[in-house]
Amino acid sequence: MGNNYELHRLGLRDARQGLLRRDFSASELVESLLARIAVTEPKIGACLRVLGDEARETAKALDASGPDASKGLWGIPITIKDVYNVKGAPTTAGSKILSNYLPSYEATVVRRLREAGAIILAKTNLDEFAMGSSTEFSAYGPTRNPRALDRVPGGSSGGAAAGIVAMQAPGAFGTDTGGSIRQPAALCGCAGLKPTYGRVSRYGIIAYGSSLDQAGPLARTVGDLGPLLQAVAGRDGRDSTASARGADDYINIVAKDPKGLTLALPKELWEGSFDTGVRATLDKALSRLKDQGARLEYVGMPMLRYSVAVYYVIAAAEASTNLARYDGVRYGVRAQGYRDLLGMYRQSRTEGLGREVRRRILLGTFALSSGYYDAYYKKAAQVRRLIQEDYLRVLEKADFILAPVSSIPAWPFGSFTEDPLTQYQLDIMTLPLNLAGGPGLSLPAGMGPDGLPVGLQLMGPPFAERPLLEAGLALEGIFPKLPEAAL
Amino acid sequence: MPVDLKTAKAIAALARLELAPGVPEGEAQDALGKLVGEFGKIVGYMDILGELDTSEVEPLYSPMLEPETPREDVPAKGDARLSDADDILGIAPELSGRFFVVPRVV
């Protein structure tokens, strides 16, 4: 590669090959990406902090010892959503209350990425505490969609997806509690994987909904997700919910033959109201799949009707518990001018937490409080079981579930900020998967007539990440390739 | 279920949050009314769960299909969790020596 100014355009696996062949050094790759960040960042605001000095130092040390093919991500720069603890850098979770929080330990995902030879390049923007689907609820300002700067990138991992599409890095890690990896990937036009609950350790990741949160990768192509998942998947003694099952091979994967692939399409998700451009793009993608011999079968999943209500009760309940720790005592921001201990708690939390986060804490506190617990929290947990049963039942007869990721394309800023319930209802495509616990892969299905990307998602049985990626490769080969974002 | 102002205030007290922060005294009643209305709308939507008879359904609190896998309880050398106490104290809002300081409670 003669022109180092173009190294930022390389996908993850191409960059790896170039590094191992010594076509360029890790330092040259880092410099190219930092230059790209400097050019694109004023437009999109994907990063909360660029770790330039640290990345340069790590690259220099890697270059000094030379390429190591045994390390799956040797010399690969990666961005990290600002809910993962990275030692030496603040973790804000997009919140004012953690504006001064410097973690004293590192997330397992980050530690494993470093062990695999990766370089941590930047910490990316998000909706405060990952609560939102537009990255408008970050205390540090919004991220803009690289395909249309007047529109949201989706969320909550909006900075991760926008940065990937803007070619600030070849790989990123986000988290997905109700669609926070898959939906921004779809709205920006890249690939994103939510692994099975328990496939990746949550240790060192700021908790939102502990029975829903899962860490996962984003990249510009499906195949580039494999090495990222490979580096982090597996048991972790520091998270008892991280499964003891060994990881599969996610790198040496082969596209499945679309002939004979049986895909279940939940009527409840396909028959709702859609933006016409999104609908037309999805219909085109479906007919391409049929032309290639895939079997598409519409199925009923009647419990999906209840999934938004179930999700917002459970996620809010878990959030109200997890966020009780932000009280201004041991770390984070403490308000001034309080009169007593309760006043200090109340003032610190009210000043430090944003409106949407406070709304969800109130909702969760309500659902868990004496007198309402059975009618809301327990009831939602019971219906959650029915949703999981629906999901597993459909996958007994089909290879994967195929669904849209969003019924509308990336929307203009401010569209739903005064109407939270409507925004919650938009999440119906993505959040059932978190309730059921399975893995899901979001990939571009094409570009809508308005020039905004449209996504599709495949969902599989628990721990079927490898076949999911192989099916994703097949779909990626069938759907039109998106152009680079014009930035 | 409609939510009234009294319930909303009780929930906010439990959550250690102010209901209508930054709202001037004269406008507080309006702001609270709006907030309670909006909250009631969200809670009202959750009431569709009441359509289902779940009396025979065991609640699902975690989606895991397998039991959790605790590790052996053995100390590990160089464990990053045993981070330097100074790091932890160094980010506290207020300290006295090596103690966290909070407003007097007794």
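No hydrogens, no waters, no symmetry mates; every other heavy atom, side chains included, goes into these values. So you know, we letter chains A, B, ... as the sequences are listed, proteins then strands, and number each from 1.
- Here the closest non-hydrogen pair linking A:Leu362 and B:Ile11 is O-CG2, 3.4 Å.
- Residue A:Pro420 touches chain B through its side chain alone, counting heavy-atom pairs closer than 4.5 Å.
- With chain A as partner, the option from B:Leu60, B:Ile91, B:Thr54, B:Leu35 having the largest number of non-hydrogen pairs under 4.5 angstrom is B:Leu60.
- Residues A:Arg358 and B:Pro21 have side chains in contact (heavy-atom distance under 4.5 Å, counting atoms from C-beta outward).
- Of all the listed residues (B:Leu65, B:Leu19, B:Val105, B:Leu95), the one sharing the greatest number of non-hydrogen pairs under 4.5 Å with chain A is B:Leu65.
- In this structure, A:Arg346 contributes its side chain and B:Leu17 its backbone to no donor-acceptor pair below 3.5 Å.
- When only modelled atom types and interatomic distance are considered, A:Ser240 and B:Glu68 share a side-chain donor-acceptor pair under 3.5 Å.
- For A:Arg305, the parts lying near chain B are the backbone and the side chain together; criterion is any non-hydrogen pair under 4.5 Å.
- From B:Ile42, atom CD1 reaches atom OH of A:Tyr424 across 4.5 Å, with rounding to the nearest 0.5 Å.
- In this structure, chain B has no heavy atom under 4.5 Å from any part of A:Tyr326.
- Under the 4.5 Å side-chain criterion, counting only non-hydrogen atoms from C-beta, B:Pro59 is not in contact with A:Arg384.
- Side-chain atoms of A:Gln382 do not come within 3.5 Å of backbone N or O of B:Glu58 as any donor-acceptor pair.
- Closest approach of B:Pro63 to A:Gly437, counting heavy atoms only: CB-CA, 3.7 Å.
- Only the side chain of B:Glu38 comes within less than 4.5 Å of a heavy atom of chain A; its backbone N, CA, C and O stay farther away.
- When all heavy atoms of A:Gly332 and B:Pro93 are compared, the closest pair comes out as O-CG, 3.6 Å.
- The greatest number of non-hydrogen atom pairs below 4.5 Å with chain B, out of A:Tyr338, A:Tyr312, A:Tyr197, is found for A:Tyr197.
- The contact between A:Ala244 and chain B is made by backbone and side chain atoms together, counting heavy-atom distances below 4.5 Å.
- Contact record, A:Ser211 with B:Ser62: CB-CA, 4.3 Å, taken as the closest heavy-atom pair.
- Considering CE of B:Met46 and CG of A:Leu421, their distance stands at 7.0 Å, rounded to 0.5 Å.
- Aromatic ring centroids of A:Tyr377 and B:Tyr61 lie under 6.0 Å apart.
- For A:Asp327, no part sits under 4.5 Å from any heavy atom of chain B, backbone or side chain.
- Of the listed residues (A:Asp239, A:Leu386, A:Asp236), the greatest number of heavy-atom pairs within a distance under 4.5 Å of chain B belongs to A:Leu386.
- Proximity of a side-chain donor or acceptor of A:Arg330 to a complementary backbone N or O of B:Ala92 within less than 3.5 Å is not detected.
- The distance from the CE atom of A:Met303 to the CG atom of B:Leu52 is 5.0 Å, given to the nearest 0.5 Å.
- Scanning all heavy atoms of the two residues, the minimum distance from B:Pro70 to A:Arg235 falls at O-NH2, 3.3 Å.
- Contact count versus chain A (heavy atoms, under 4.5 Å) is highest, among B:Ala15, B:Ala10, B:Pro67, for B:Ala15.
- Using a 4.5 Å cut-off between heavy atoms, A:Leu435 touches chain B through its backbone atoms (N, CA, C, O) alone.
- Going from atom CZ of A:Arg359 over to atom CZ of B:Phe39 covers 10.0 Å, rounded to the nearest 0.5 Å.
- Residues A:Phe366 and B:Val43 come closest through the heavy atom pair CE2-CG1, 3.6 Å.
- Proximity to chain B (any heavy atom under 4.5 Å) is restricted, for A:Ser369, to the side chain, taken from C-beta onward.
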* Going through the checks in order, is the side chain to side chain contact (heavy atoms under 4.5 Å, CB included) test met by A:Val308 and B:Tyr45? -> CA-CA 9 Å; A:Val308 173; B:Tyr45 174 72; 3.6 Å; yes

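- Distance CD/B:Glu66 to OG1/A:Thr241: 11.5 Å, rounded to 0.5 Å.
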* Start with the C-alpha gap between A:Arg349 and B:Glu18, add the side-chain angles, then the distance that decides, and say whether salt bridge (Lys or Arg N to Asp or Glu O under 4.0 Å) holds. => CA-CA 8 Å; A:Arg349 289 165 61 76; B:Glu18 284 164 28; over 6 Å; no

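- The closest side-chain heavy-atom distance from A:Tyr376 to B:Leu49 is not below 4.5 Å.
- If you measure heavy-atom distances from A:Leu342 to chain B, the contacts under 4.5 Å come from the side chain alone.
- For A:Gln425, the part sitting under 4.5 Å from any heavy atom of chain B is the side chain, from C-beta outward, and nothing else.
- Heavy atoms closer than 4.5 Å to chain B are found in both the backbone and the side chain of A:Ala380.
- For the atom pair CD1 of B:Ile48 and OH of A:Tyr306, the computed distance is 6.5 Å after rounding to the nearest 0.5 Å.
- Contact annotation for A:Arg245: only side-chain heavy atoms (C-beta onward) come within less than 4.5 Å of a heavy atom of chain B.
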